[in-house]
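Each ligand, and each atom within it, is numbered from 1 in the order the structure gives. Quantities reported herein were computed from a predicted structural model and do not represent experimental measurements.
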Amino acid sequence: MAESVQLPVIDISSSDRISTANSIRQACIEYGFFYLINHGISEELLQTVFDESKKFFSLPLEEKLKLSRKGDVGFAPIYAENLDSSSTSKGDLKETFHIGPLEGEESRLNLWPSKGTPNCLGYNLFFTSILTIFIKISEILPSWRMLMEKYYKKVLCAGKELSSLIALALNLDDDYFEKIGASDNPFGFLRLLHYPGEGEIAVSDSEVVYGASAHSDYGMITLLATDGVRGLQAIFHNKHKLLIVVYKSVCKDKYKQPRTWENVSHVKGTFIVNVGDMMERWTNCLFRSTLHRVMPTGKDRYSIAFFFDPNQDCIVECLKSCCSESNPPRFPPIRSGDYLRERINAAYSSSK
Ligand SMILES: O=C(O)CCC(=O)C(=O)O
Ligand SMILES: [Fe+2]
């Protein structure tokens with residue numbers, strides 16, 4: 001059975017920003033993961049977001065499909081995505097709903113239950129009388145959009161503060177990521193996730209099915225809220241300060257065998273923060289975007305991820321503080337939007 005890892009805890013509200021930045025640096029080098037506390041999002045708000053997310057996922061599939069993924073936002077049913085694009089599985093056993101940026105051109109792309117599905121729920125026959133058959137989804141989820149926007153803004157704010165601490169952790173000015181246009185108008189995605197429990201989905205014994213297959217996140221940092229149902233696991237090659245083997249343009253130890261998966265436990269009131277691939281590229285593999293996955297446990301599981309990604313037009317290239325003559329850049333510069341597009345397309349086209 002997998003062991004549980006003890007991750008560092010970072011207090012984002014501490015007035016000693018330098019010491020916080022040093023702790024973040026150590027956590028990002030050793031684990032690429034940490035718990036974040038005092039992030040400014042109350043437990044009540046988080047609980048309400050979980051409750052409303054559950055309400056959405058418990059709608060009949062055909063209602064959810066009316067808000068099907070367009071571009072990067074909206075609903076994706078089970079098996080639509082395969083986070084491990086190299087795997088042969090038919091896709092991940094999870095359904096998701098994505099909300100993209102709330103400002104600028106992209107904001108108009110978002111899909112909302114109150115707008116996209118004008119008519120009829122009514123299949124929840126268990127409770128339904130003839131009078132309730134034609135209830136609009138907007139009436140079932142009346143404050144859904146407002147709530148999700150509120151949460152989005154708050155978690156974006158925590159992400160911005162964290163990115164300024166990360167800049168300090170990399171010996172840069174704390175507004176560095178703003179100055180280069182990465183976190184000034186970041187490309188943030190709120191992702192509601194539901195991993196169905198046993199009984200809802202028939203899976204044959206011979207099939208390997210993951211809730212979320214092994215992957216590292218694509219962007220800068222992810223702020224993840226979990227509901228207490230276990231399942232999240234990660235591989236921490238660097239935890240005991242093993243030599244970092246870097247090969248061609250990949251931080252090779254990410255794919256090193258054998259893989260030892262460790263459980264990442266839920267800690268009430270915290271966010272689980274993990275480093276994404278673009279941060280790994282910026283830091284020339286100093287900060288690790290750690291492989292992780294979600295195993296099905298037979299229980300329904302809900303989580304809420306916020307991907308704090310650089311502005312699409314930002315060029316991600318090795319930071320001066322992370323390279324030298326003896327440690328040259330391992331990755332060519334890339335435009336953030338192009339990199340994300342390639343990774344997202346691979347994940348959605350590799351489900352069978
Ligand atoms: O649900 C979780 O705990 C993790 C989700 C995740 O890794 C992702 O969506 O990238
Ligand atoms: Fe992830």
Just need the protein heavy atom nearest to atom 9 (O) of ligand 1, so name the residue and atom and give the distance.
R191 NH1, 2.7 Å

To the nearest 0.1 Å, how far is atom 5 (C) of ligand 1 from its closest protein heavy atom, and which atom is that?
Y195 OH, 3.4 Å

How are the rings of H292 and F33 set to each other: parallel, tilted or perpendicular (split at 30° and 60°)?
perpendicular

Which bit of [X] gets closer than 4.0 Å to ligand 1, counting heavy atoms only: side chain, backbone, both or neither?
| X | value |
| --- | --- |
| I272 | neither |
| T222 | neither |
| F307 | side chain |
| S303 | side chain |

Of H194, H266, K94, H215, which has the heavy atom at the shortest distance from atom 10 (O) of ligand 1?
H215

Just go through E81, H292, R301 and tell me whose heavy atom is the nearest to atom 2 (C) of ligand 1.
R301

May I ask you to say whether [X] pairs ionically with [Y], meaning some side-chain N is under 4.0 Å from a carboxylate O?
| X | Y | result |
| --- | --- | --- |
| R341 | D72 | yes |
| K153 | E103 | no |
| R145 | E52 | no |

Nearest atoms (heavy-atom pairs only) where G231 meets T297
CA-CG2, 4.2 Å

Do you know the tightest heavy-atom contact between S336 and V316?
CB-CG2, 4.2 Å

Subset of ligand 1 atoms that lie under 4.0 Å from at least one heavy atom of V294:
1 (O), 2 (C), 3 (O), 4 (C)

Under 3.5 Å, N or O to N or O, is T226 touching ligand 1 that way?
no

N/O/S atom name from D217 that is nearest to the position of the Fe ion (ligand 2)
OD1

Distance under 6.0 Å and angle within 45° of the ring axis: does K94 meet both against Y195?
no

Pair S14-D16, side-chain donor/acceptor within less than 3.5 Å:
no

